Structures are given as structure tokens and as C-alpha cells.
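Here the structure is laid out as C-alpha cells; the discussion comes afterwards.
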Amino acid sequence: MTKQLLLIDGNSVAFRAFFALHSQLGKFTNKNGLHTTAIYGFNLMLDHILKEVHPDAALVAFDAGKTTFRTKMFDDYKGGRDKTPEELSEQMPYLKELIKAYGMHSYELPNYEADDIIGTLAKQGGEQGYLTTVVTGDRDLTQLASATTTVSVTHKGVTEVEHYTPEHVSEKLGITPSQIIDMKGLMGDTSDNYPGVSKVGEKTAIKLIKQFDSIENLYENLDELKPSKMKEHLIEDHDKAVLSKQLATINQEAPIEVNVDEIQYSGPQTDELIKFYQEMGFNSFLSKMGGAQTELDLSDPEIKKIKCDVLNKDNLEKVNTLKDNISFYLEMPDENYHTSTFAGFAIGDGSNWLVSRDVDLLNESPLKELLQSQTVGKNVFNAKAMQVGLNRLGIKLDKIDFDLLLVSYLLDTNDNSNDLGELAHQHDYFDVATDETVYGKGAKRAIPDDDDLFFDHIANKARAIYSLKEPLFKRLEENEQTDLYTDIELPLSSVLAHMEIEGVKVNIDSLKNMGSQLTERLSELEQTIYQEAGEEFNINSPKQLGKILFEEMKLPVIKKTKTGYSTAVDVLEKLRADAPIVDNILTYRQISKLQSTYIEGLLKVVHSDDQKIHTRYLQTLTQTGRLSSVDPNLQNIPIRLEEGRKIRHAFIPSHDNWEIFSSDYSQIELRVLAHVTGDHNLQEAFIEGQDIHASTARRIFKLEPDAEVDRNMRRQAKAVNFGIVYGISDYGLSQNIGISRKQAKQFIQTYFEEFPGVKKYIDDIVESAHKRGYVETLTHRRRYLPDINSKNFNQRSFAERTAMNTPIQGSAADIIKIAMIQMESALKKQGLKAKMLLQIHDELVFEAPEEEIPVLEKLVPKVMDSAVSLDVPLKVESAHGKTWYEAK
DNA sequence: GTATTCACG
DNA sequence: ACGTACGTGAATACC
């Protein structure tokens with residue numbers, strides 16, 4: 001066997017690991033508050049690489065300090081770099097401990113960089129018959145690739161590596177490893193801050209090196225190049241090119257004081273490693289070590305056996321032995337808990353677990369009393385589902401303490417699975433399986449007949465809820481999110497449960513009437529379109545439609561999708577003038593959307609027993625804290641176009657002589673923006689009660705404070721206001737209002753001059769997101785942004801826009817949630833019959849007896865206004881009528 | 001299951 | 001030069 005040498009670029013890998021896990025920075029700390037992202041990531045990388053390479057010798061090289069022989073050659077080498085974040089540098093001493101526990105040597109050498117140590121050792125190794133693997137995050141080290149050296153460059157995170165052999169280098173770049181320094185010499189390096197030849201980037205550099213082999217040869221044969229700007233730059237920057245090549249060249253003759261014989265590797269020192277993991281709080285690595293002894297066991301770790309008793313009518317007194325702090329789980333196999341069957345339940349207190357398939361037992365004493373008790377705390381998974389499910393059995397679940405689903409969502413909106421098992425695993429709790437492994441998936445999914453299997457699974461679920469309560473509550477506290485959970489999300493789950501259970505009444509006949517009218521119009525339009533096209537085709541198929549429009553009728557192609565021509569509205573709008581068929585297609589689309597989604601879709605979900613629609617609000621889905629609505633979605637019922645708006649005629653009160661009453665926040669997101677930015681001018685506009693879009697128009701068009709604003713200016717200003725909330729880009733704004741990018745850029749610049757507070761806020765929030773990896777709303781709702789430090793421009797830009805938008809959209813969501821909770825208790829306190837039915841992001845819809853309408857007109861706006869106190873007033877507008885349509 | 005389109009805030 | 005507006009859900013076609 002050939003001997004193996006492993007050389008790791010310590011700084012570079014630690015840096016990569018740090019930024020790869022940057023979005024998790026808040027979550028990766030040990031008990032002393034030390035950040036552990038880089039250490040954790042480095043450990044992942046080590047484990048990964050040691051699976052591939054079994055080294056006989058290993059060393060991790062570090063940079064010794066800022067000054068090296070390169071800074072002597074060029075003062076500004078690596079100048080202008082941001083200081084290493086404190087959160088990373090504090091990890092370095094511990095990283096070296098980890099390396100030591102792994103049984104590896106660390107080494108650094110004054111005046112030299114880690115690269116040079118690695119280069120020198122790789123060369124030595126090669127001479128002594130070693131095969132060398134270099135691990136780094138820096139692609140420049142690929143110059144070391146050779147017959148005996150492979151350079152593994154970490155890719156996305158730290159465990160994905162790309163192996164550079166000489167063949168791979170030439171495949172990727174078209175040049176040999178030794179020519180990389182020539183390439184770097186010509187193109188320079190912005191991160192190391194050396195210049196190269198101006199206007200020469202990677203592409204040009206490679207072209208030149210392919211032609212001339214090296215910088216030296218290039219300059220000897222410059223005559224071969226035709227006169228060009230590039231040639232002038234080459235002549236002009238000759239010295240820079242030569243210097244940059246020197247800087248890029250790794251020194252393989254560094255005066256290191258170690259040699260390969262002294263860095264022999266014989267595996268990790270288990271005891272020290274365990275101690276280290278304990279200190280760092282790396283439980284997952286610890287548990288892996290336990291498994292490492294029995295290496296052959298690749299199956300799922302055995303779930304710790306649970307002992308549970310099966311309940312029946314005759315042994316219900318067992319429930320009396322349960323103590324406070326109860327975990328309860330009701331299994332509803334269908335997603336829709338309004339209609340799902342009940343498969344069984346589990347209940348327990350941490351030591352005793354009781355299970356049954358017979359949910360009627362829940363209505364028996366003492367189980368029912370326990371569930372309805374206002375003093376015995378219950379822990380669940382999905383409080384809202386439990387409340388709705390139990391309500392169907394005639395039980396009012398009370399005193400919920402802990403909701404595993406809700407708390408997990410608040411801790412990290414990114415991993416919001418609806419499966420208890422999956423979620424538990426994410427929290428490093430493994431004594432419960434996922435539903436998929438026990439119930440199967442797709443058509444095969446079913447509750448098992450085998451009692452042992454089923455009872456164990458649901459008892460495990462109840463136990464998982466119990467076990468995760470303390471650690472997750474602790475993390476809420478660390479994130480300052482306890483109030484958000486206790487005062488907002490948990491009470492809200494009950495409010496939402498009540499709204500869902502109440503449901504909204506639908507006039508089925510009215511829907512059906514509209515449906516038949518639409519059917520008629522559709523068939524007329526269909527005939528016209530077929531005539532205009534000269535053939536029959538499926539108008540709903542973008543593929544077939546594209547063929548007709550762009551191939552047969554030869555209309556100009558405006559936009560393409562991945563799979564063919566785009567036929568989206570904005571494209572068709574532009575083709576309107578070219579052919580009458582386009583207009584008809586647009587109308588057809590609009591009508592058929594109404595027909596299929598709203599008429600047929602809604603009719604499908606009306607409950608036959610009460611002629612009502614019971615939507616489900618998803619409380620743990622969105623990344624911003626908003627709700628979403630499914631089965632059906634009642635948050636996107638048409639309103640903008642009159643034809644669609646008519647659908648709202650079908651939403652009616654559930655009693656005679658009642659009305660629909662609706663209140664919405666006016667401009668809530670812009671008001672939140674004014675509050676969080678503290679921008680004086682924006683705040684002033686709201687405090688003075690101005691038309692905000694007109695006011696913005698006066699500022700960005702530099703009009704007098706009392707000047708008239710024409711419709712077009714107001715429209716453009718409105719788009720700018722929206723743009724600011726969305727995390728503006730000149731391109732997005734230009735597309736939205738059909739102006740050039742340059743004009744859009746000018747608008748944005750003027751906006752920022754006029755609203756400097758907004759500008760500062762945006763800069764600050766983006767910077768803070770880069771640093772902390774997450775952003776927060778008014779109530780400390782948190783959203784992690786894993787891509788905020790991505791190298792990919794698109795991903796990073798998207799994350800930056802999200803960083804601006806989420807605190808705004810999310811705080812608005814916080815506010816209406818608070819209002820909803822206060823609203824429900826206000827209705828109750830005042831003894832009103834009015835019911836809150838729907839929430840549409842900034843709007844609340846109620847039904848109420850006619851005589852209560854005057855009360856609501858005062859009460860609802862009052863509660864909504866005063867939900868929070870901001871530096872600008874909130875404004876609420878109300879309307880009411882016989883149907884939702886008339887409540888406008 | 002993925003892509004496209006379109007309804008809402 | 002890159003190539004984007006923020007957050008959702010449902011219907012349909014097509015693989």
C-alpha cells in the first residue's frame with residue numbers, strides 16, 4: 001500500500017465552515033456562550049475526509065500572522081480585508097484542541113502562510129513516496145495538483161469537496177496546475193488584493209496562457225499579438241503581472257521545522273475527544289462515538305423501548321395515577337383534521353404511558369376532566385389540530401403548556417416539518433420514528449393493524465413531546481422568544497381553532513348560478529379562439545398555446561421559460577395589439593380561473609351538514625410569520641377585477657338579519673416601515689394623515705409640499721413604496737412600472753435622499769443579517785437567512801432583500817395576531833354574538849347581528865389600532881353588508 | 001412530481 | 001456581468 005499524507009489548510013477550512021454555518025450562528029454555542037460553528041463544521045469535514053483517506057501522516061497548517069514574506073514584496077497584500085469576526089477568532093484555540101484530540105499535528109511558521117507549509121510538505125511527501133491529499137477552501141492551491149498530490153477544495157458547505165487532479169484542473173480550466181500562477185499573475189486576485197493586468201479577467205488570462213504557456217513567454221513574444229487595448233494594458237502592467245505571479249506562487253521550499261516522519265497519524269484519542277465534545281455540547285458527535293465501537297451496525301438506531309398500557313372502559317382509573325405535566329397525542333391520519341377519522345390516542349406523564357384506539361374513551365371520566373382541566377398542564381404537537389379534533393368529540397381542551405410544533409417553528413422557520421418524528425430528529429431526539437416509516441407513504445399509507453406497532457409509535461410520540469419540552473423552552477428563552485410564544489402564538493392557536501370551527505357560510509345556489517353563466521361565456525370564447533387560430537387546441541396548455549401563437553401565427557417571442565415560450569399575462573399584454581386572439585385568450589384565462597379555482601373549487605369544500613366552509617390556517621408555515629390558508633385558501637378570493645369580485649356575493653352570514661363586517665389596516669407595512677426606520681419624513685407623512693403615495697410622489701419628483709400630484713406620478717410613487725418594502729432593486733422596479741433601469745435607479749436614489757432614515761435602516765439590517773445570520777420582527781420572531789453570505793450573487797441578493805422585507809412583513813403579521821387575540825376576548829367580554837371568521841393578512845372579517853354593527857364599527861378599529869403602540873398611528877377602515885361583496 | 005399560470009396581501 | 005421585486009395556494013398540463 002502506498003503511504004498517505006493528509007494536509008489541511010486550517011484557516012481556510014475553518015473560515016469556510018464558519019460561513020457555511022453562519023446562518024446557524026445563534027444556535028451553535030456551547031454552555032459558556034462560545035460560538036462553535038467553525039469547530040463543528042471542521043469536525044464534519046474531518047470525519048468526511050477520514051472516510052475517504054486513511055492517512056499515515058497528517059498535519060493541519062495555519063497562517064502565523066498578518067505579515068509574511070509576501071507583504072514584504074507587496075505592502076498591500078491581503079490589504080483591505082475585513083477583520084476576522086470575533087465569533088470566529090474566539091474558536092481558533094478550541095479548533096486546535098479538536099485537532100489534537102483527533103491525533104493530528106497543527107503547525108504554523110512565522111512569515112509564511114499555511115499554503116507554503118502545505119506546498120513544502122507535499123513536495124517532501126512526494127519525494128518520500130507518499131500520496132498526498134490537500135484539503136482547503138482556496139482554489140489557488142490547485143496549483144499543487146500533481147501525479148502524487150490531489151487538492152480537495154471544499155464546495156458548498158465543508159463536506160462536499162471537489163478533487164483536483166492535474167487532469168481535473170485541465171478539464172476545468174484548460175491549463176496545467178503549474179500554469180495557475182501565470183493565470184493568477186495576469187488576472188490578479190481581489191480577495192488577496194493584488195492587481196494583475198487591468199481589464200484581464202479569468203477568461204482572457206486562460207486564453208493567453210493557452211496560447212503562450214507562461215507569462216515570461218508571453219512577454220517575450222508580445223509581437224505576435226495584434227495591436228489592441230489589451231496589448232497596451234499588458235505592456236503597461238508588465239511589472240504588476242510579474243509581481244502578481246510571484247505572490248500567487250506557493251513556496252515549496254519554506255524553512256519548516258517539521259518533516260513527514262514527525263507527523264505520523266494513528267487515529268483519534270477517544271477519551272480526549274469525548275471530553276472535548278462534552279465541553280462543546282456536540283451531542284450528535286458524542287452519540288456517533290458510542291456507535292463507532294459497533295461499526296457494523298448501519299441500521300437505524302434502535303428506538304428505546306416504551307412500556308405502555310392499553311386503556312379500555314374498565315381500567316380508566318389508571319388515568320388517575322398520572323401526575324401534572326401531561327403529554328397528549330390524538331392520531332388523525334388525514335391532514336384535514338376537520339374531517340379526518342380518529343385512529344387512537346396516547347397520554348402520559350413521563351413515566352406512565354396509556355394508549356387506545358377507542359377515542360370515545362376520551363369522553364369518559366376521568367380522561368375528559370383531565371383534558372378540560374384548567375390546572376393540569378398539557379403538552380401536545382399542534383395545539384390547533386388537537387383543539388379542533390377534540391372539539392369534534394365534544395371536548396374543550398384547556399391549559400396547553402407546550403406545543404412542540406409551534407415552538408419548533410418559532411425557533412427556526414426553515415425546518416418546519418409537520419411530522420413529529422422528523423422534527424424530533426432535527427432536535428437530536430431519536431426515540432421516535434417518522435410516520436412514513438411506520439405508516440408508509442403514498443397509496444400504501446395506512447394505520448397498522450398490529451397493536452404493538454401502532455401503540456408503540458403513538459406512545460413514542462407523546463414521550464418525544466414530553467422530552468423535548470424543557471430543552472426547547474430553554475432555547476426559546478435564549479432567543480427572547482418566550483413572550484412571543486406565550487402571549488401571541490399559543491393563544492392565537494385557540495383563536496384560530498375557534499374561527500376554523502365556526503366556518504363561513506356559503507350560498508351554494510349563487511355559486512352554481514355564476515358557474516353556469518361562466519360556462520356559457522367560456523364556450524363562446526372557445527369557439528372564437530378556435531376560429532381565430534384556424535384549428536382546435538387546448539387553450540389551457542401553455543405548450544399548445546405557444547405553438548399556435550409563436551409558430552403558426554408568428555407573433556414575436558417576448559419571453560421564454562425553461563421549457564418553451566412564456567404565455568404569461570405580461571407577455572400577452574404586449575401582444576394584444578398584434579392579434580385579436582390574444583385578448584380573447586386573456587379573457588378566457590381569467591374566466592376559466594374563476595370557474596375552476598373559485599366556483600368548482602369552493603363548491604367541492606362546502607360541508608354538506610352546515611353549508612359552511614371550514615378552512616385551515618397554517619400557523620407554522622410561512623417564513624415571515626404570516627398565516628396561510630388551505631382547503632380552501634380563503635386568503636386569495638378575487639377582489640381586484642369586478643368579474644372575480646362577484647364571487648364574494650356567495651359568502652354570507654350564517655343567520656338571518658346578520659351582516660358581514662370587515663376591517664382592514666390601511667398601509668400597515670409602510671407604517672411599520674416608518675416605525676422601525678425612525679425616518680422623520682416618512683413618520684411625518686403618517687402623523688399628518690397624508691396620502692402616503694402622493695406624499696412620496698411629491699418627494700421623489702421634487703414637487704412643492706402642497707402641489708397637485710397627477711395619477712401617473714402617484715402610481716409610480718406607489719410602486720416605489722412597494723419596492724422599498726420588498727427589498728428594492730432597480731430591475732424589479734423598472735419591470736413593475738415599465739421604465740428603464742436607469743430611471744428606476746434614479747428614483748431609488750432620490751427616494752433614499754428624501755428618506756435617509758429608510759436608507760440607514762436598510763444598510764443596517766443587511767449588515768446585521770450578514771453578521772448574525774438572521775433577522776427579527778418587533779416581537780423577536782426570527783428568520784434565519786442561510787444564503788446571506790453565499791458566494792452566489794443571486795442567492796445572496798435574494799437573502800439581502802429578504803432581510804429587508806421580513807422585519808416589515810413579519811412585524812405587520814405580529815400586529816394583526818395580537819389584535820386577533822385581543823379581539824376575541826373583547827367580543828367575549830362585551831357579550832357580543834359577533835364572530836370573527838377570517839383573517840386575510842391585514843384584514844379581519846366578522847359576522848354579526850345587524851344591531852351589533854354599530855358596536856363593531858367602534859370596537860374593532862379601536863382594538864386593532866391599539867394592538868401595539870408605534871411611533872406612527874395605525875389606521876383601520878371598516879365596511880359591512882349583506883354579503884362579503886357588499887362589505888367593501 | 002415539476003412547471004406554468006394566476007388569484008390574494 | 002450577473003439577473004432579481006416580498007409572502008402565499010390551487011388548478012392544469014405534461015413527464
Side-chain angles (χ1 to χ4, degrees), chain A residues 201-203 413 442 537-546 559-572 585-586 588-602 604-605 615-618 621-641 643-645 647-648 664-670 673 719-737 741 744 748 775 783 791-810 812-813 816 838-844:
Chain A
E202 185 174 306
K203 291 272 173 338
T413 53
F537 66 101
N538 184 347
I539 308 168
N540 284 321
S541 160
K543 198 176 162 193
Q544 294 181 38
L545 180 62
K559 202 166 76 183
K560 287 200 147 201
T561 64
K562 273 180 234 164
T563 50
Y565 312 107
S566 168
T567 65
V569 182
D570 56 326
V571 173
L572 296 191
I585 289 166
L586 283 167
Y588 181 92
R589 280 249 180 95
Q590 194 197 326
I591 308 287
S592 97
K593 176 86 179 178
L594 292 178
Q595 179 77 300
S596 62
T597 306
Y598 296 103
I599 304 288
E600 291 168 2
L602 287 177
K604 260 189 265 178
V605 291
T615 186
R616 281 183 301 130
Y617 288 103
L618 305 186
L621 181 134
T622 70
Q623 299 297 309
T624 55
R626 275 189 176 183
L627 302 174
S628 83
S629 156
V630 290
D631 298 333
N633 180 358
L634 290 182
Q635 291 181 318
N636 71 346
I637 303 300
I639 191 165
R640 290 174 191 168
L641 299 173
E643 272 170 310
R645 192 173 196 158
I647 302 279
R648 295 180 174 227
D664 67 278
Y665 283 111
S666 164
Q667 315 290 3
I668 188 166
E669 293 190 346
L670 285 173
L673 180 73
V720 173
N721 278 336
F722 271 99
I724 295 294
V725 170
Y726 290 159
I728 200 149
S729 74
D730 48 12
Y731 179 86
L733 181 63
S734 73
Q735 288 296 296
N736 194 297
I737 48 179
R741 231 174 113 163
I748 295 168
V775 289
R783 179 178 186 174
K791 272 185 91 164
N792 180 309
F793 175 88
N794 278 328
Q795 289 183 0
R796 190 178 61 247
S797 304
F798 184 46
E800 287 173 352
R801 291 197 293 274
T802 312
M804 307 176 210
N805 173 265
T806 296
I808 308 298
Q809 192 184 115
I816 197 167
L838 303 173
Q839 188 250 45
I840 306 106
H841 308 308
D842 61 358
E843 174 187 4
L844 295 177

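Chain letters run A, B, ... following the sequence lines, proteins first and then strands; every chain starts at 1. Fair warning: this is a prediction, and the values are worked out from it, not measured in the lab.
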>> Counting C-beta onward and ignoring hydrogens, is there a side-chain heavy-atom pair between A/Q795 and A/F798 closer than 4.5 Å?
In response: no

> Which is the 5'-most and which the 3'-most nucleotide of DNA chain B that has an atom under 4.0 Å from a heavy atom of chain A?
Replying inline: B/dA3 to B/dG9

> DNA chain C: A/N794 or A/E600, which has the more 5' nearest nucleotide?
Replying inline: A/N794

> Stems in DNA chain C: runs of 3 or more consecutive Watson-Crick or G-U pairs, distances under 3.5 Å?
Replying inline: B:1-9 with C:6-14

>> Need two values: the first and the last nucleotide of DNA chain C, 5' to 3', having an atom under 4.0 Å from any heavy-atom of chain A.
In response: C/dC2 to C/dC15

>> Could you work out, with salt bridge (Lys or Arg N to Asp or Glu O under 4.0 Å) as the rule, every residue matching A/R796, not counting sequence neighbours?
In response: none

>> Within the 4.0 Å heavy-atom criterion, would you say A/L621 contacts the bases, only the backbone, or no part of the nucleic acid?
In response: sugar-phosphate

> Where along residues 590-599 of chain A does a heavy atom come under 4.0 Å from DNA chain C, residue by residue in number order?
Replying inline: A/K593, A/S596, A/T597

> Touch check for A/I728, heavy atoms < 4.0 angstrom, all strands: base, sugar-phosphate only, or nothing?
Replying inline: base

> Toward the 5' end of DNA chain C, which comes first, A/Q809 or A/D730, by nearest nucleotide?
Replying inline: A/D730

> Contact class for A/F793 (heavy atom, under 4.0 Å): base, sugar-phosphate, or nothing?
Replying inline: base

> Heavy atoms under 4.0 Å, any strand shown: does A/L627 hit a base, just sugar-phosphate, or nothing?
Replying inline: nothing

> Under a 4.0 Å heavy-atom cut-off, which of residues 631-638 of chain A touch DNA chain B?
Replying inline: A/Q635, A/N636, A/I637, A/P638

> Heavy atoms under 4.0 Å, any strand shown: does A/N540 hit a base, just sugar-phosphate, or nothing?
Replying inline: sugar-phosphate

>> Just to be sure I understand the rule, does A/Q544 reach a base, reach only the sugar-phosphate, or reach nothing, if contact means heavy atoms closer than 4.0 Å?
In response: sugar-phosphate

> Heavy atoms under 4.0 Å, any strand shown: does A/R589 hit a base, just sugar-phosphate, or nothing?
Replying inline: sugar-phosphate

> Counting any heavy atom closer than 4.0 Å, what does A/S629 reach on the DNA or RNA strands: base, sugar-phosphate only, or nothing?
Replying inline: sugar-phosphate

